[in-house]
Amino acid sequence: MSRERMVSAYEPAEVEQRWYARWLQDGLFHAEPNPDKKPFCIVLPPPNVTGALHMGHALDHTLQDVLVRRKRMQGFEALWLPGTDHAGIGTEVLVGRELLKEGIDKQDIGREAFLQRVWEWKDRYGDTIVQQMKALGNSCDWDRLRFTMDEGLQHAVRVAFVRLYEDGLIYRGERIINWCPTDRTALSDSELEHRDVEGELVTFRYPLSDGSGHVDVATTRIETMLGDTGVAVHPDDARFREVVGKTVRHPFTDADLPVVADEAVDPSFGTGAVKVTPAHDPTDFEIAERSGLPRINVLNADGTISDAAPEEFRGLDRFEARRRVKEVLRERGQIVNEEPYPHAVGHCYRCGSEVEPWLSGKQWFVAVERLTGPAKDAAADGRIRFFPERWKGPYTAWLENLRDWNISRQLWWGHRIPVWYCPNGHEFASVEDPDACVECGSGDIEQDPDVLDTWFSSQLWPFSTLGWPERTPELEYFYPTSVLVTGYEILYLWVARMIMSGLYLAEDIPFAHVLIHGLVRDERNRKMSKSLGNVIDPLEMIDKYGADAVRFSLARLAGPEQQNLPFGERDVEAARHFANKIWNAARLVLGESGEGTPQLPLDEHRGPVERWLLSRHEACRAAVDEALEDYRFDAAAQTIHRFIWSELADWGLEMEKPRLYEGEPPERAAAASVLAWVLERTLRLLHPFMPFVTEEIWQRFAVGGSIVVADWPEPHPEHRDEQAEERFAFAEDLVTAVRSFRSGHGLPPGAPLTVRVRTDGERRSVLEELNEEIRRVARIDDLQSLDGPSEPAGHARLAVRDAEVLVPLVGVIDTDVECERIRKRLEGIGADAEKAARKLDTPGFVSKAPAEVVEQQRAKLASLEEERAVLEAQLSELGC
RNA sequence: GGGCGCUUAGCUCAGGGGGAGAGCGCUUCCUUGACGCGGAAGAGGUCAGAGGUUCAAAUCCUCUAGCGCCCACCA
């Protein structure tokens with residue numbers, strides 16, 4: 001492509017579409033087991049099928065793409081395996097709601113018809129997110145796109161279930177589970193969100209049946225007293241010694257409820273006695289088991305009061321019942337105390353409803369006892385590392401306190417539990433759909449109606465997507481995967497379970513590193529939410545500013561320590577400016593260097609600016625590599641940004657212009673090729689972050705192929721050149737001092753300026769070597785070094801790194817301004833010098849501090865004194 | 001009730017024992033032959049507070065205050 005077509009503003013839209021299509025066409029993202037290369041694999045945390053890309057995805061995907069693209073360039077066989085999740089509850093609720101809009105209740109059309117609707121829905125919207133991921137530039141291997149309900153994964157889920165079942169790690173049991181009355185399904189402990197609610201602690205009175213007194217109990221859910229079957233106290237509690245063994249009378253049913261003793265009761269809480277509602281509280285359930293109390297389930301699945309309760313309350317919603325029961329008890333004079341009581345209550349992570357601890361009948365559980373130990377060990381012995389490492393503690397603690405995992409859901413959309421029952425009471429699990437009972441041969445078998453928790457299939461993701469349970473070449477080659485990238489909100493829900501199941505079923509860790517990033521928030525650091533109206537749509541940002549800009553602005557925020565990532569449109573805008581900056585720097589460089597593969601000129605042909613630039617570029621490359629090894633995307637992005645903008649463009653290009661425009665042909669060629677060489681390598685460094693603009697420019701070097709599969713820049717430690725950097729820094733400081741002087745006096749940029757510098761030999765040679773460059777960027781007409789102690793009368797004196805810079809004053813400046821400037825500077829010098837002197841005087845400093853530090857302090861003091869002398873001479877000369 | 005993290009420029013944050021930094025915002029100047037999606041020069045901070053360790057503390061330790069997050073079956 002010729003440079004005539006490089007117009008001055010970079011327009012991403014067309015470029016991005018063109019290159020993405022091309023990359024797909026050339027199969028650059030496809031990975032295959034390859035014995036000649038080392039594997040690198042990331043499995044994408046599968047977004048929900050019904051979902052649309054939001055900022056959280058955009059961040060998550062950008063980080064993964066940066067890692068994958070870099071590894072691919074480093075010569076790894078890099079696989080980024082994409083897919084989507086069926087998201088049981090979320091999707092079922094969504095489709096159910098759509099049906100309701102058509103006036104259809106899912107119960108009326110039945111399971112099969114409903115599922116058909118969900119599949120239609122999935123087929124219609126299921127690839128929305130895939131299209132959006134492509135717009136972001138994600139380099140996934142789309143040939144390997146998976147879905148948690150596709151055939152292979154259905155099989156994997158069945159095999160996993162049956163193996164766990166046969167090993168005794170999956171069982172069916174009846175106990176209190178978390179019930180969402182809105183979604184009408186059980187939830188695991190991890191699917192609850194604890195939120196504080198303004199509750200009320202109500203104490204009410206149970207009279208003893210024999211009339212000899214009463215027992216007071218406190219509760220926040222007084223409606224559950226409808227299902228009370230006893231009262232419990234601590235066995236050692238002397239206050240209740242007399243009443244244990246007696247009964248209290250239920251005010252509505254007149255039933256006699258035993259007072260029992262149980263260790264689970266905390267005597268110091270409330271009255272020391274607790275009502276026992278076995279069907280609605282896990283602790284009460286256990287107390288009832290121990291004491292043989294009956295269970296009365298007073299709630300229906302939808303959260304209304306059931307027919308097991310006294311008639312006057314039946315059918316009331318649970319919250320309405322809470323008010324009614326209290327009212328009636330109050331009328332009867334049995335309320336002893338009411339007080340506000342803020343406390344944490346579990347809420348459904350999908351719909352936000354208050355979750356009820358409820359006895360729902362038999363549920364399926366995974367026994368975790370044998371799974372948690374190995375999962376803990378994997379983190380403890382470093383086979384799995386967390387970034388940041390502080391997540392290891394919470395992970396371990398979670399495993400230590402883990403209770404059995406309820407995996408059955410009372411839904412239709414999901415993996416049906418592969419267990420069948422026959423009329424003769426047999427129960428068996430099977431990978432294939434059976435025709436008859438395996439025990440008695442009865443053909444009259446029925447499958448369990450429930451489906452599995454979505455996370456049951458998700459936990460298999462790192463290996464099920466690679467072909468497990470078959471020992472496929474992919475599984476052998478890519479498993480364990482390299483790194484899992486996700487937000488901390490699913491650390492327990494998903495990450496920990498992948499580790500447990502991976503170790504048990506696939507017999508190895510699922511991934512070596514877990515990278516946990518923060519949450520994208522709005523620019524004021526508030527959560528993005530529809531109700532706040534502060535949601536930023538990544539697609540809108542891509543349309544407006546380009547995918548590169550979106551990616552870069554996100555990567556720039558993401559360090560492993562950040563929990564919150566404040567993000568605003570202005571960040572994307574800034575990133576677009578950056579893309580434009582690169583584009584224009586490239587226009588300059590390419591315009592001078594021509595096309596073709598850049599070749600570095602021999603060392604002796606490199607000028608001082610080129611040596612400086614090569615040295616700075618190597619420093620940048622090293623810093624980027626180091627940052628990315630530690631997943632410090634923020635540091636890596638900022639390093640490249642600073643190098644390109646401040647070093648390459650602001651100084652490098654500006655200082656090279658004399659050689660480029662007016663140099664002798666060999667110098668010109670040398671300058672142009674160093675610039676091209678540095679630019680080309682910098683594009684490769686930046687490519688994982690901004691794949692499109694880098695490809696578009698990189699193509700003009702006619703290296704051949706695509707930057708997607710170009711080599712990652714190799715180290716060139718020999719380019720580090722401290723002397724060149726030191727010399728350049730002097731030139732930089734000199735330029736800045738002169739510019740500042742000019743600006744401070746309001747001198748027009750074009751005003752002629754003569755500058756004389758009195759300094760040592762090394763710096764004099766810098767003045768000679770970079771004379772033209774310094775004059776150009778500082779707009780100096782005449783720049784020379786000064787010999788001997790000549791009379792500086794009539795000059796302004798600037799101190800630059802121990803050099804004395806003289807600028808003629810005559811008719812040039814405002815004396816008052818200059819005096820003020822000098823006075824201000826002298827104040828600063830005074831303060832600094834005093835500080836340095838005091839430090840040197842402090843007892844112990846010279847003897848205890850490292851010689852280097854002492855020397856540094858002395859040099860600083862000397863330099864300040866020198867500058868002070870220069871400025872004081874100036875001050876008296878000006879007569880102010 | 002436990003645990004973790006944060007408090008540095010107007011905003012968002014980096015730094016991590018020896019000269020207070022970046023981006024954005026702000027002020028002033030500049031159509032210099034890549035870029036006004038640009039360039040240059042500036043203003044702006046007792047690094048939350050108190051104590052301690054040290055020759056030296058924004059940095060390490062202790063405590064205090066405020067904020068945030070995670071975990072938890074005290075009804």
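Reminder, nothing fancy here: chain letters follow the sequence lines and each chain counts from 1. Note that the structure is a prediction, hence the values are computed from the model and not measured.
One finds a side-chain N or O of A:Arg403 lying less than 4.0 angstrom from the OP1 or OP2 phosphate oxygen of B:C73. Distances shorter than 4.0 Å separate none of the side-chain N or O atoms of A:His194 from OP1 or OP2 on B:C70. For the pair A:Ser743 and B:U28, the criterion of a side-chain N or O lying under 4.0 Å from OP1 or OP2 is not met. Regarding contacts with the backbone of B:C70, every side-chain N or O of A:Trp391 stays at 4.0 angstrom or more from both OP1 and OP2. Between A:Lys527 and B:G68 there is no side-chain N or O to OP1 or OP2 distance below 4.0 Å. Side-chain nitrogen and oxygen atoms of A:Tyr341 include at least one within less than 4.0 Å of the OP1 or OP2 phosphate oxygen of B:A75. Taking only side-chain nitrogens and oxygens, A:Tyr661 comes nearer than 4.0 Å to OP1 or OP2 of B:A34.
Atom pair A:Asn564:CG and B:C13:P shows a separation of 8 Å (rounding to whole Å applied). When rounded to the nearest whole Å, the span between CG of A:Asn584 and C1' of B:G38 equals 9 Å. The CD atom of A:Glu523 sits 14 Å away from the C1' atom of B:G10 (whole-angstrom rounding). One can place CG of A:Leu588 at 13 Å from C1' of B:U32, the figure rounded to the nearest angstrom. For A:Asp281 and B:C74, the CG to C1' distance is 10 Å, given to the nearest whole Å. One interatomic measurement links the two molecules: CD of A:Glu193 to P of B:C71, which rounds to 9 Å at whole-angstrom precision. When rounded to the nearest whole Å, the span between CG of A:Leu519 and C1' of B:G5 equals 15 Å. For A:Asn406 and B:C73, the CG to P distance is 15 Å, given to the nearest whole Å.
Distances were taken from every side-chain heavy atom of A:Gln857 (C-beta onward) to each of B:G38, B:C35, B:G18; the shortest belongs to B:G18. Listed candidates were B:C24, B:C74, B:C37. Nearest to the side chain of A:Asp266 is B:C74. Checking B:G18, B:C35, B:G68 against the side-chain heavy atoms of A:Ser8 singles out B:C35 as nearest. Side-chain proximity of A:Phe269 to the nucleotides B:C13, B:A75, B:C35 is greatest for B:A75. Side-chain proximity of A:Lys835 to the nucleotides B:A34, B:A75, B:A20 is greatest for B:A20. Of the candidate nucleotides B:C70, B:C73, B:G18, B:C73 has the atom lying nearest to any side-chain atom of A:Pro282. Checking B:A75, B:A34, B:C13 against the side-chain heavy atoms of A:Pro566 singles out B:C13 as nearest. Of all nucleotides listed (B:A34, B:C55, B:A75), B:A75 comes nearest to the side chain of A:Thr220. Comparing B:A41, B:U32, B:A22 against the side chain of A:Arg779 picks out B:U32 as the nearest. Distance from the side chain of A:Glu662 is smallest for B:G33 among the nucleotides B:C55, B:G33, B:C37.
Counting non-hydrogen atoms under 4.0 angstrom, A:Ala849 reaches a base of the nucleic acid. Counting any heavy atom pair closer than 4.0 Å across all strands shown, A:Arg642 reaches sugar-phosphate atoms only and no base atom. Within 4.0 Å (heavy atoms only), A:Arg576 reaches at least one base atom of the nucleic acid. Counting non-hydrogen atoms under 4.0 angstrom, A:Arg556 reaches the backbone sugars and phosphates but no base. A:Lys275 comes within contact range of no nucleotide atom at all, as no heavy-atom separation falls under 4.0 Å. Among the atoms of the strands shown, none is found under 4.0 Å from any heavy atom of A:Asp571. Residue-level contact check: A:Thr736 touches the backbone only, with heavy atoms under 4.0 Å from sugar-phosphate atoms and none from bases. Among the protein residues, A:Pro394 comes within range of no part of the nucleic acid, since none of its heavy atoms lies under 4.0 Å from any strand. Within 4.0 Å (heavy atoms only), A:Pro850 reaches at least one base atom of the nucleic acid. Residue A:Ala649 is classed as a base contact, given a heavy-atom separation below 4.0 Å to a base. A:Ala585 comes within contact range of at least one nucleobase, with a heavy-atom separation under 4.0 Å. Contact annotation for A:Ala344: base contact, defined as any heavy-atom pair under 4.0 Å involving a base atom.
Remark: A:Glu827 does not engage A:Lys824 in a salt bridge, criterion side-chain N to carboxylate O under 4.0 Å. The pair A:Glu569-A:Arg576 does not meet the salt-bridge criterion, since no charged nitrogen lies less than 4.0 angstrom from a carboxylate oxygen. Under 4.0 Å is where a charged nitrogen must lie from a carboxylate oxygen, and between A:Lys326 and A:Glu338 at least one such pair does. Using a cut-off of 4.0 Å between Lys/Arg side-chain N and Asp/Glu carboxylate O, A:Arg668 and A:Glu662 are scored as not salt-bridged. Ion pairing of A:Asp781 with A:Arg775 is absent here, as no side-chain N (NZ or NE/NH1/NH2) approaches a carboxylate O to less than 4.0 Å. Using a cutoff of 4.0 Å between basic side-chain nitrogens and carboxylate oxygens, A:Asp571 and A:Arg556 are not scored as salt-bridged.
Two residues, A:Trp651 and A:Arg632, neighbour RNA chain B, and the one matched to the more 5' nucleotide by heavy-atom proximity is A:Arg632. Nearer to the 5' terminus of RNA chain B, by closest-nucleotide assignment, is the contact made by A:Leu653 (compared with the other of A:Ser740 and A:Leu653).
Seen from the ring of A:Trp651, A:Arg739 counts as a face-on cation partner, given the 6.0 Å and 45° thresholds.
Separating the P atom of B:U64 from that of B:C70 is a span of 24 Å, rounded to the nearest Å. B:C13 sits 39 Å from B:U32 when the P atoms are compared, rounded to a whole Å. Distance noted for atom P between B:A58 and B:C47: 7 Å (whole Å). As rounded to the nearest Å, B:U46 and B:C11 have P atoms that lie 13 Å from one another. Separating the P atom of B:G5 from that of B:C61 is a span of 10 Å, rounded to the nearest Å. Across B:U8 and B:C60, the matching P atoms stand 15 Å from one another, rounded to whole Å.
With hydrogens and angles left out, the side chain of A:Glu654 and the base of B:A34 share a donor-acceptor pair within 3.5 Å. Between the side chain of A:Lys581 and the base of B:C37, no donor-acceptor pair under 3.5 Å is found. Below the 3.5 angstrom threshold, one finds a donor paired with an acceptor across the side chain of A:Thr283 and the base of B:C73.
The CG atom of A:Leu613 sits 8.0 Å away from atom OG1 of A:Thr682, with the distance rounded to the nearest 0.5 Å.
Environment of CD in A:Glu400: crowded, with over 12 heavy atoms of neighbouring residues, nucleotides or ligands closer than 6.0 Å. More than 12 heavy atoms of other residues, nucleotides or ligands shown are found within 6.0 angstrom of CZ on A:Arg390.
Taking the six-membered ring for Trp, A:Tyr488 and A:Trp391 have ring centres closer than 6.0 Å.
With a 3.5 Å limit on both pairing distances and Watson-Crick or G-U wobble geometry required, the stems of 3 or more pairs in RNA chain B span B:1-7 with B:65-71, B:10-13 with B:21-24, B:26-30 with B:38-42, B:48-52 with B:60-64.
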| message | What verdict does the side-chain hydrogen bond (donor to acceptor under 3.5 Å, both in side chains) test give for A:Ser188 and A:Asn406, after you've listed the backbone C-alpha separation in whole Å, the side-chain angles of each residue and the deciding distance to 0.1 Å? | response | CA-CA 5 Å; A:Ser188 69; A:Asn406 175 9; over 6 Å; no

